[in-house]
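Presented below is the structure to which this report refers.
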Amino acid sequence: MTRFFYRNSVAAFVEKDANSILGKLASENSFDLVDQQRNSWVYEIELLKRLLAHESDGEIVFEYSIPRLGKRIDVVLLLHGIVFVLEFKVGADDYYRADVEQVWDYALDLKNFHEASKNAVIVPILVATDAPESSTTQDFSVYDDLVFEPMMSNASQLGQIIENISKKYASTQDLRSWTLSRYMPTPTIIQAASSLYLNHSVEDITRTEASGESLKATSDFVIDVIERSRTRHEKSICFVTGVPGAGKTLVGLNIAVRQFEKKDLAVYLSGNQPLVSVLSEALARDKKRQEEKLHPETRYNLTTARRDVKSFIQIVHHYRSASLAKLKRPIQNGTLEIDPTKVARHDDDGYSEVEHVAIFDEAQRAWTKNQLANWLHRKQNLPDFPMSEPEFLIWSLNLREDWAVIVCLVGGGQEINTGEAGIGEWLRAIQANFPSWNVYISDQLTGKEYAEGELEPLLQQIPNVTRSKNLHLAVSMRSFRAEQLSTFVHHLLEGNISQAKPIYETLRDKYPIVLTRDLDKAKAWLRKQARGSERYGMVVSSQAQRLRPLAIDVRCKPDTVHWFLDDISDIRSSVFLEDAASEFDVQGLELDWTCIVWDGDLRRVANSWKNYSFKGNAWENINSPERKAYQINAYRVLLTRARQGMVLCVPEGNPADATRLPEFYDGTYQYLKQIGVPEI
């Protein structure tokens, strides 16, 4: 996307012929110029030329690009040190919530990610030209960040609103280089996937030069491995590590998109059903919007869009099933063999050879041999399966006679489910059965958070290992307000008050974390913090069985597509604050603001965590070290979902309910207060 379609000084714009301005806008437009767009531009040009006739300074910009949102601001006025963001709805006779959110989102995006806007007053104005009334209030929003609450104006009052604000808030802020200032966004994974799919580069949609360069360096390293493997007819596996929210999924999607552009077969795979469902639906909706914008005379079917997206992103279990379908049955002597009658000779019978490149997100969550064997026996009547999921997936790619590359995206400390093999199983499979494969690993893979630091002995037994710092993403991009959030959460869950407390002090001003024992207060806090279309919602542990008196039942799973993608008008949406999502629903995804409702499954008792699961009518101790680790990791996932801030709600409990006694909650509440988290 070009930065803008038209830019000029206000004085020159006023003097310029309207047709020449329109011609410039039309020449920059890559879509079919329909009458509605042309007429809107004509109206905006004539109105603004008239309103600005008395201005001798400032700049005007039409169609300014917001890459993170994949949209353009109709008009930006830079007057008297103030940034006016104008969204026109020509002919509209009312102000609609979605339009108000749209102009507010533009203003917030500039404040958060546009370098020259950080210290400027930003005034979002929705201009519904034929509406009967305009805003009379002129107020900054809840944050002290110089962003106004959205104003609403009809055509006749717009000039007066701009004049009133200019008189009151004029400053000496230098905006002469505003238009070409650096734009450094931090997208959600949904926004990032959409932007990549619509042909933005990974650098365009990342927040800082450093993070953009890091993501590019990692992507480029893996692309080089792919090219080398193709040229030399080799088989390779790459392990990409990173802190929570560092962009591992973004790297995987970027690689998949770039391989698609080269017409190579590549697929992005995840065992995370909610992530795949939400991303697939978001990409399909975007594709439909994009196709209909490119060809406004044609209706593009959403079902077609969904089908197109499925070739790009898939559930790993479906991919695995395609390989399983080629096997001889029954399995003899623990050896897998291909059934020659099931090998494809063409591309459309469902038994085609696997892709050259397979990208496995959250590779540490692949199943152990026992987990996979038990599942296949129960669900597919395939007994005696001899491999773990990592080994079988490598075996499947190894079927290619020419070349193949596997990319494993690895999160540290994020195994949250029984039967997850961890990253060690991938290396054991390589060491035992695929020694000719080249192994490229992050220089952080041998750390404690990856298989408790026990991978080095395995790596010593693999002949072709290359270590690189370019395969590790060290800085979380999830929260653009708090890069140290993951470190804070780590110390909180490790019980390290002395380390957690000073980190919290560095977070508190730009990334609010607050505490309450009242769920209604928590919900009110969320609603107050969110601006524009910022998303918020409640998250809970999957073991939080005794929140039902608070109308939270973890047995009732949210519809994750609607929970993440739809707005306040849909009761299934996260922002309706009725359905709570668990760690399984939100891993790999994010919200702007979260409420974590903390149940008695994880309790702070006598300076240590005590782990419980609810069975029948009572809490039972969790004694297994593995299950304890899963529970801690579940809370790690929950505590790292928010991009801008969170409220921790620790209920009071009920002395009359043996399953919700106050002592189940009081220790956790006091522990969080010790760290310094303030109560609201």
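What you are looking at is a predicted structure, and each value in this text was computed from that prediction instead of being measured.
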So do the side chains of [X] and [Y] get within less than 4.5 Å of each other, counting heavy atoms only?
{"X": "Leu639", "Y": "Leu492", "value": "yes"}
{"X": "Val554", "Y": "Ser582", "value": "no"}
{"X": "Pro386", "Y": "Leu336", "value": "yes"}
{"X": "Phe488", "Y": "Gln484", "value": "no"}
{"X": "Leu372", "Y": "Glu391", "value": "no"}
{"X": "Leu459", "Y": "Arg467", "value": "yes"}
{"X": "Val540", "Y": "Asp599", "value": "no"}
{"X": "Ile255", "Y": "Ile226", "value": "yes"}

Problem - Cation-pi check, Arg604 onto Trp598 ring (under 6.0 Å, within 45° of axis) - result: no
Quick one: [atom1] on [X] to [atom2] on [Y], what's the gap to the nearest 0.5 Å?
{"X": "Asn496", "Y": "Thr487", "atom1": "CG", "atom2": "OG1", "value": "12.0 Å"}
{"X": "Leu269", "Y": "Cys408", "atom1": "CG", "atom2": "SG", "value": "10.5 Å"}
{"X": "Ser229", "Y": "Tyr440", "atom1": "OG", "atom2": "OH", "value": "6.0 Å"}
{"X": "Ile315", "Y": "Gln273", "atom1": "CD1", "atom2": "CD", "value": "3.5 Å"}
{"X": "Leu471", "Y": "Leu409", "atom1": "CG", "atom2": "CG", "value": "10.5 Å"}
{"X": "Ser388", "Y": "Trp395", "atom1": "OG", "atom2": "CH2", "value": "13.5 Å"}

Taking all atoms of both residues into account, what is the closest heavy-atom pair of [X] and [Y], and its distance?
{"X": "Met387", "Y": "Phe392", "answer": "SD-CA, 3.7 Å"}
{"X": "Lys235", "Y": "Leu397", "answer": "CE-O, 4.5 Å"}
{"X": "Asp601", "Y": "Ala544", "answer": "OD2-N, 4.2 Å"}
{"X": "Gln380", "Y": "Ser321", "answer": "NE2-OG, 3.9 Å"}
{"X": "Pro463", "Y": "Pro435", "answer": "CG-O, 3.5 Å"}
{"X": "Lys248", "Y": "Thr241", "answer": "CD-C, 3.9 Å"}

Practice task
Inspect the contact between Lys328 and Glu337 and indicate whether a charged nitrogen and a carboxylate oxygen are less than 4.0 angstrom apart.
Solution key: yes
Problem - Evaluation steps, salt bridge (Lys or Arg N to Asp or Glu O under 4.0 Å), between Arg535 and Asp592 - result: CA-CA 5 Å; Arg535 293 203 72 86; Asp592 289 291; over 6 Å; no
Exercise for the section: Measure up the Trp403 and His356 rings against each other and bin them: parallel (under 30°), tilted (30 to 60°), perpendicular (over 60°). Expected result: parallel
More than 12 foreign heavy atoms under 6.0 Å from [atom1] of [X]: is that the case here?
{"X": "Asn607", "atom1": "CG", "value": "no"}
{"X": "Asn381", "atom1": "CG", "value": "no"}
{"X": "Glu401", "atom1": "CD", "value": "no"}
{"X": "Lys557", "atom1": "NZ", "value": "yes"}

Exercise for the section: Would you sort out whether Glu389 and Val316 count as a side chain to side chain contact (heavy atoms under 4.5 Å, CB included), showing the intermediate values? Expected result: CA-CA 10 Å; Glu389 189 170 35; Val316 70; 4.3 Å; yes
Taking [Y]'s backbone N and O only, do any of them form a donor-acceptor pair with [X]'s side chain (distance below 3.5 Å, no angle check)?
{"X": "Trp563", "Y": "Ala581", "answer": "no"}
{"X": "Ser442", "Y": "Gln444", "answer": "yes"}
{"X": "Arg641", "Y": "Val637", "answer": "yes"}
{"X": "Trp609", "Y": "Leu493", "answer": "yes"}
{"X": "Tyr612", "Y": "Arg603", "answer": "no"}

Can a side-chain donor-acceptor contact be found between [Y] and [X] if the only test is distance below 3.5 angstrom?
{"X": "Gln631", "Y": "Tyr635", "answer": "no"}
{"X": "Ser270", "Y": "Glu362", "answer": "no"}
{"X": "Asp585", "Y": "Thr560", "answer": "no"}

